[in-house]
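Structure first, commentary second.
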Amino acid sequence: MSTLLSMRKRGQRRLAADRAAYNVEAEGTKADLALLEELKQAEALLPKDAPRALLSIRLSVLTDDTTSPVRQELDLRILARERGCRVIGVASDLNVSATKVPPWKRKELGDWLNNRSPEFDEILFWKLDRFVRRLSDLSTMIEWSLKRGKNLVSKNDSLDLTTTAGKIMVTIIGGIAEIEAANTSTRVTSLWDYAKSQEEWLIGKPAYGYVTDEDSTGRVVLVIDPEAYKALHWARRMAVRGRSARFMVRCVKRAGLMSQGLTVVTLLRRLRNPAVLGYRVEEDKNGGQRRSKLLLGKDGKPIRVAPPIFTEEEFETLGAALDQRMKKQPPRRPGGATQFLGVLLCAGCKTNMTVQVTRNGFGTYPYLRCRNCKSGGHGAPNPERVYERLVEDVLKVLGDFPVQVRQYAEGAEARREIKRLQESIALYMKELEPGGRYTKTRFTKDQAETTLDKLIGELEAIDPETAKDRWVNVHGGKTFREHWQEGGMEAMSADLYRVGIRCEVTRTKVPGVRAPKVHLRLLIPKDVRERLVIREDDFAQAF
């Protein structure tokens with residue numbers, strides 16, 4: 001039985017992979033391919049300036065009741081022919097839920113929307129639910145289309161932004177989406193506020209040590225997770241005996257009681273969480289560290305939502321034991337302990353360099369360490385000096401580069417001007433022919449020739465590229481040196497990571513000297529100028 005199930009799952013995965021690689025020419029019948037060839041021949045007869053259509057095809061699961069990708073594409077190609085559009089591409093996103101994944105985050109359609117929008121004028125889709133299933137997503141796409149001068153057309157719904165009915169629908173949908181967003185926010189806030197004051201468990205993720213279950217009446221309740229109970233009590237006993245948190249982590253991981261990704265910080269947070277007493281808690285956002293605090297009921301007492309894992313006495317003695325071994329930690333930096341995280345790499349093992357802190361009787365010593373190299377001369381002391389040297393090197397190479405922002409430029413106005421000039425030139429050329437009205441007198445002929453030369457000059461002065469919808473890089477008037485001086489190390493770190501610039505750190509042991517010699521080597525991509533261009537995200541503010 002298990003063999004049959006595994007074979008069925010492999011078959012389903014193979015079918016899913018096949019559908020992901022959908023191609024109408026590979027999956028269509030002879031009749032489908034004949035229709036496709038007929039549509040392509042009709043498309044070849046369209047004028048060069050015909051509107052360009054992008055076909056959007058989406059399917060969650062292929063069943064006998066769904067419209068196949070082949071049928072969707074052929075129907076949309078027929079619609080494109082009826083509208084006089086040239087099909088310039090097909091964005092096929094199969095096995096994708098429209099509820100969970102909005103259009104701009106889908107693999108194929110998202111690439112067209114974010115990077116290739118100058119290449120099309122309209123997006124055609126088979127049915128509205130094939131395109132979006134959330135009003136907020138539809139409202140975002142309509143707003144984006146109007147901003148970019150694009151059109152959305154549904155074959156089986158009344159959606160066409162060029163029609164009066166379509167524009168009315170835009171207004172209605174926009175209003176509904178705003179009301180829905182406001183109501184949703186109000187409902188969610190109200191639900192959480194209500195849930196926090198109740199002894200019953202209504203919503204949310206239980207704290208470590210607990211799982212949800214149903215009682216005899218069918219109510220959802222919190223119960224103790226036996227493995228987590230064992231792990232927490234085991235860790236508590238080791239803490240009371242004076243063991244370090246690092247030792248506790250090794251033990252519980254080796255015993256398989258907690259995940260292999262467990263860290264010291266996570267274990268200490270679990271041990272100090274008042275939720276292990278069975279009380280309701282919420283995140284304490286003060287102090288820059290992730291901590292939990294008790295929620296009090298109307299009577300001023302903690303709200304109990306589950307049986308306790310520790311007694312009050314056990315929890316207090318655990319806290320006291322942890323406080324004895326706790327070293328005073330400096331306040332967390334807003335950007336994290338390590339600056340240029342993901343940019344600074346070890347030259348040996350190629351892993352990220354992170355700040356580690358050693359404390360002893362003589363003081364506190366921060367240094368940069370990689371993850372895989374052995375200790376002993378492999379730490380880079382004084383991280384701030386390493387950052388300063390990196391900043392100096394980056395400014396020397398990239399500081400004078402201009403800050404450019406990629407913007408969308410429409411060519412409609414230039415196309416209209418070219419058309420006007422071409423029509424005027426054709427008119428003057430026709431009337432200057434023998435028998436034309438401008439050839440009746442020498443004066444009218446000279447004036448017409450002068451005007452014709454002027455029109456031809458204006459037409460030649462127009463750059464053909466400006467007649468296309470395109471991306472243009474606009475200089476904001478600043479250099480990256482000025483940009484980084486305003487934004488600080490955080491802005492530089494974000495730009496370097498985005499562009500793909502990395503810095504390898506080599507540490508060489510010096511005989512008789514504790515601190516190694518540190519050497520930095522910048523790795524800059526060849527197309528760094530293009531990568532540095534800031535690409536604004538049209539959908540950053542989307543729901």
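Salt bridge absent: D93 and K105 never bring a charged side-chain N and a carboxylate O closer than 4.0 Å. For the pair R148 and D538, the salt-bridge criterion is met [side-chain N within less than 4.0 Å of a carboxylate O]. Using a cutoff of 4.0 Å between basic side-chain nitrogens and carboxylate oxygens, D121 and R83 are not scored as salt-bridged. Comment: R521 does not engage D393 in a salt bridge, judged by the lack of any side-chain N to carboxylate O separation of less than 4.0 angstrom. Taking 4.0 Å as the cut-off between side-chain N and carboxylate O, R385 and E392 count as a salt-bridged pair.
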Exercise for the section: Evaluate the criterion side chain to side chain contact (heavy atoms under 4.5 Å, CB included) for residue pair V153 and T162; output intermediate values, then yes/no. Expected result: CA-CA 9 Å; V153 181; T162 62; over 6 Å; no
Exercise for the section: Verify side chain to side chain contact (heavy atoms under 4.5 Å, CB included) between V391 and F340, making sure each step is shown before the conclusion. Expected result: CA-CA 10 Å; V391 170; F340 297 101; 3.9 Å; yes
Practice task
Please assess V499 against L398 for the test side chain to side chain contact (heavy atoms under 4.5 Å, CB included), listing each intermediate value before the final yes or no.
Solution key: CA-CA 12 Å; V499 171; L398 306 176; over 6 Å; no
Exercise for the section: Apply the test side chain to side chain contact (heavy atoms under 4.5 Å, CB included) to residues D49 and R415: give CA-CA distance (whole Å), side-chain angles for both, the deciding distance (0.1 Å), then the verdict. Expected result: CA-CA 10 Å; D49 60 347; R415 288 194 295 270; over 6 Å; no
Exercise for the section: Please test E417 against R420 for salt bridge (charged side-chain N to carboxylate O under 4.0 Å, His left out), starting from the C-alpha separation and ending with a verdict. Expected result: CA-CA 5 Å; E417 180 64 11; R420 182 189 71 81; 2.7 Å; yes
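How far CE of M248 is from CE of M258: 9.5 Å, rounded to the nearest 0.5 Å. L76 CG to C85 SG: the interatomic distance, rounded to the nearest 0.5 Å, is 11.5 Å. Taking CZ of R481 as the start and CG of D400 as the end, the distance is 5.0 Å to the nearest 0.5 Å. Within the model, atoms CG of L222 and CZ of R280 stand 8.0 Å from one another, a figure rounded to the nearest 0.5 Å. Atoms OG1 and NZ, from T506 and K517 in turn, are 11.0 Å apart once rounded to the nearest 0.5 Å. To the nearest 0.5 angstrom, R106 atom CZ is 8.5 Å from S97 atom OG.
What you find for M141 and P103 is that their closest heavy atoms are CG-CG, 3.9 Å. Scanning all heavy atoms of the two residues, the minimum distance from G342 to N352 falls at CA-OD1, 3.5 Å. Nearest heavy atoms, K253 versus L262: NZ-O, 3.8 Å. The minimum heavy-atom distance linking L520 with V505 is given by the pair CD2-CG2, 3.7 Å. Considering all non-hydrogen atoms of both residues, A91 and L54 come closest at N-CD1, 4.1 Å. Across all their heavy atoms, H475 and V403 have their closest contact at ND1-O, 3.3 Å.
The environment of OH in Y497 is sparse: at most 12 heavy-atom neighbours from other residues, nucleotides or ligands sit within 6.0 Å. The number of heavy-atom neighbours closer than 6.0 Å to CD of Q407, taken from other residues, nucleotides and ligands shown, is above 12. Annotation: K350, atom NZ; neighbour count of heavy atoms from other residues, nucleotides and ligands within 6.0 Å is above 12. Annotation: R389, atom CZ; neighbour count of heavy atoms from other residues, nucleotides and ligands within 6.0 Å is above 12.
Panel note: side chain R130, backbone R58; a donor-acceptor pair is recorded below 3.5 Å. Using modelled atom types, one side-chain atom of N151 and one backbone atom of L161 make a donor-acceptor pair closer than 3.5 Å. Listed for the D469 side chain is a donor-acceptor partner under 3.5 Å among the backbone atoms of G411.
Within the structure, side-chain hydrogen bond (donor to acceptor under 3.5 Å, both in side chains) contacts touching residues 458-468 (residues at least two apart or in different chains) are E465-K468.
Under the 30°/60° scheme for interplanar angles, the aromatic rings of F480 and H483 are found to stand perpendicular. The aromatic rings of F125 and F131 lie parallel to each other, their planes meeting at an angle below 30°, with 60° marking the opposite boundary. Between W112 and F120, the ring planes lie perpendicular to each other; the angle is over 60°, past the 30° to 60° tilted range.
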Side-chain donor-acceptor pairs under 3.5 Å in residues 523-530, sequence neighbours left out?
| from | atom 1 | to | atom 2 | distance (Å) |
| --- | --- | --- | --- | --- |
| D527 | OD1 | R531 | NE | 3.0 |
| D527 | OD2 | R531 | NE | 3.4 |

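Within the 4.5 Å cutoff, the side chain of F247 has heavy atoms near those of the R250 side chain. With a 4.5 Å cut-off on side-chain heavy atoms, Q404 and L532 do not count as touching. Between I57 and W126 the shortest side-chain heavy-atom distance does not fall below 4.5 Å. A 4.5 Å side-chain heavy-atom check between D157 and K127 finds at least one atom pair inside the cut-off. The side-chain heavy atoms of I456 and L421, taken from C-beta on, include no pair separated by under 4.5 Å. Using a 4.5 Å heavy-atom cutoff, the side chains of P102 and T140 are not in contact. The shortest side-chain heavy-atom distance between N115 and R535 falls under the 4.5 Å cut-off. Taking the side chain as every heavy atom from C-beta outward, L109 and V96 never approach each other to under 4.5 Å.
Only one option out of L344, T338, V343 pairs with L341 in a side chain to side chain contact (heavy atoms under 4.5 Å, CB included); it is T338.
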